[in-house]
Amino acid sequence: MKRNTWNNREVVLGVTGSIAAYKACELASRMTELGAKVIPVLTHSAAELVGPSTFEAITGQRAVTAMFDSLQNPDVEHITVASRASLFLIAPATANILAKAANGLADDWLSTTLLVTRAPILFAPAMNTNMYAHPATQANLNTLRARGCHFVGPESGRLACRTVGPGRLIDPPVILEAASLLVDDRDDLADKRVLITSGATREALDPVRYLSNRSSGKMGYALALEAMARGAQVTVITGPTEIAPPHGAERIDIETAEEMAEAVAQRLPETDVFVAAAAVADYRPAHAPSVKQKRTGQPLQLELVENPDVLGRACSQRKHGQVLVGFAAETGDLEEMGREKLRNKPVDLLVVNRVGPGQCGFGAGSLDALILDGSATVTDLGHVGKETVAQAVFDRVAQSLRGRAPTETHI
Ligand code: CTP
């Protein structure tokens with residue numbers, strides 16, 4: 001089962017007066033479903049757009065709409081709530097709340113408690129494009145960023161004011177993802193630099209065709225999210241995938257195995273943990289003509305040459321204290337294949353998963369997997385979600401990093 005970071009967490013959901021306020025209902029609903037206690041706080045204009053009772057029905061908590069309401073009820077007294085909260089999520093955040101927060105104004109419940117809380121603050125801005133681009137708003141964003149506030153979005157798109165451009169509230173699932181990283185207080189990978197390869201590589205046959213495989217990038221995505229949730233700085237080197245790396249991870253796009261090898265070589269020296277989750281093509285066409293190839297009526301012979309083994313190189317150049325994790329997608333006996341792989345690539349952890357016709361694995365959300373550690377001790381994870389695999393990997397990585405910490409010497 002995936003660890004639920006939301007369970008029993010108290011979250012203040014600040015809703016301000018943007019047309020996108022209705023989307024906050026989805027956020028409230030999802031966080032409540034996940035076990036969080038969500039305190040909805042609506043500014044005066046937000047309450048005109050969406051009824052407080054909607055939020056009350058969704059969350060089971062009284063919605064705060066005015067400063068003086070809260071004084072009637074010790075449970076929502078602003079200082080107590082602000083101190084107890086694990087997260088302040090302001091979605092949608094208007095130009096007005098950003099300006100108030102940046103300037104320390106405290107003229108309603110939300111702006112007041114933003115000054116009180118020491119919890120992480122995440123803003124999901126939503127406003128007209130010109131308002132967003134205005135130097136005043138940009139200066140406020142910079143001030144808040146410099147103070148450690150977090151932002152997710154906005155994205156570009158069609159706005160309620162019928163213009164198109166940046167200012168649209170980013171999708172609620174993306175907001176939740178960013179929020180879940182902040183609400184999670186585990187930090188066993190704090191200050192660690194984690195490098196992840198993800199997705200499939202593409203090896204050009206000509207300008208329009210390529211050799212590749214079925215990797216979707218979902219495993220790399222789950223790994224990046226888990227590592228970030230544990231406090232790591234994450235870089236994802238990714239082939240073209242169905243799914244982009246999570247918000248907050250540094251992303252390096254590559255296409256071929258050679259490009260991946262080069263990008264990894266550049267990053268590896270400053271990496272604490274390298275997780276090779278990409279399905280790298282072992283071979284590439286020896287020649288890739290620069291013009292599109294035509295049918296000839298004859299059989300076509302392809303000559304392939306070996307690609308660099310990215311993980312293999314990392315194993316041979318491993319710096320002291322670095323943790324290396326490999327993946328192996330197999331159709332045969334997982335344990336036997338895994339042991340053999342470990343002999344060729346001496347990683348600290350190897351995740352072996354089943355692929356093939358009718359199997360889960362590539363493209364799916366779940367897989368049958370085993371984890372082998374450096375001494376070939378096997379843990380059978382069974383049939384699990386990719387998030388669970390990511391969690392199991394980083395539990396072991398964190399353990400391994402702790403084991404390698406220099407021991408204290410007392411003189
Ligand atoms: N890997 C890599 N570079 C390659 C090939 C594989 O970094 N050119 C990494 C993968 O990201 C994965 C592991 O190595 O972590 C897989 O190793 P291996 O099983 O040897 O690769 P396959 O090509 O899948 O295996 P085989 O040689 O058995 O076909």
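Just so you know, ligand 1 is whichever comes first in the structure, and atom 1 is the first atom listed for that ligand.
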Please list, in number order, the atoms of ligand 1 under 4.0 Å from a heavy atom of Asp309. 1 (N), 2 (C), 3 (N), 4 (C), 7 (O), 8 (N)

Thr143 and Asn140: side chain donor to acceptor below 3.5 Å: no

Does any N or O atom in Leu311 lie less than 3.5 angstrom from one in ligand 1, N or O only? yes

Proximal candidate to atom 22 (P) of ligand 1 [heavy atom criterion; set Val280, Asp282, Val351]: Asp282

Glu56 side chain to Thr54 side chain, donor-acceptor N/O pair below 3.5 angstrom: no

At less than 4.0 angstrom from any non-hydrogen atom of Ala278, what atoms of ligand 1 do you find? 10 (C), 11 (O)

Taking N or O atoms only and a 3.5 Å limit, does Ala277 qualify as a polar contact for ligand 1? no

Below 3.5 Å, N or O to N or O, backbone or side chain included: is there any such pair between Asn307 and ligand 1? no

Within the side chain of Thr388, is there an N or O that forms a donor-acceptor pair under 3.5 Å with the backbone of Val384? no

What do we get for Ala261 next to ligand 1 when only non-hydrogen atoms under 4.0 Å count, side chain, backbone, both or neither? neither

I need the contact type for Val310 against ligand 1. Using non-hydrogen atoms and a strict under-4.0 Å cut-off, is it side chain, backbone, both or neither? both

With no hydrogens and no angle check, just 3.5 Å: does a side-chain donor-acceptor pair link Asp373 and Ser375? yes

By number and element, which atoms of ligand 1 are closer than 4.0 Å to a non-hydrogen atom of Gly326? 15 (O)

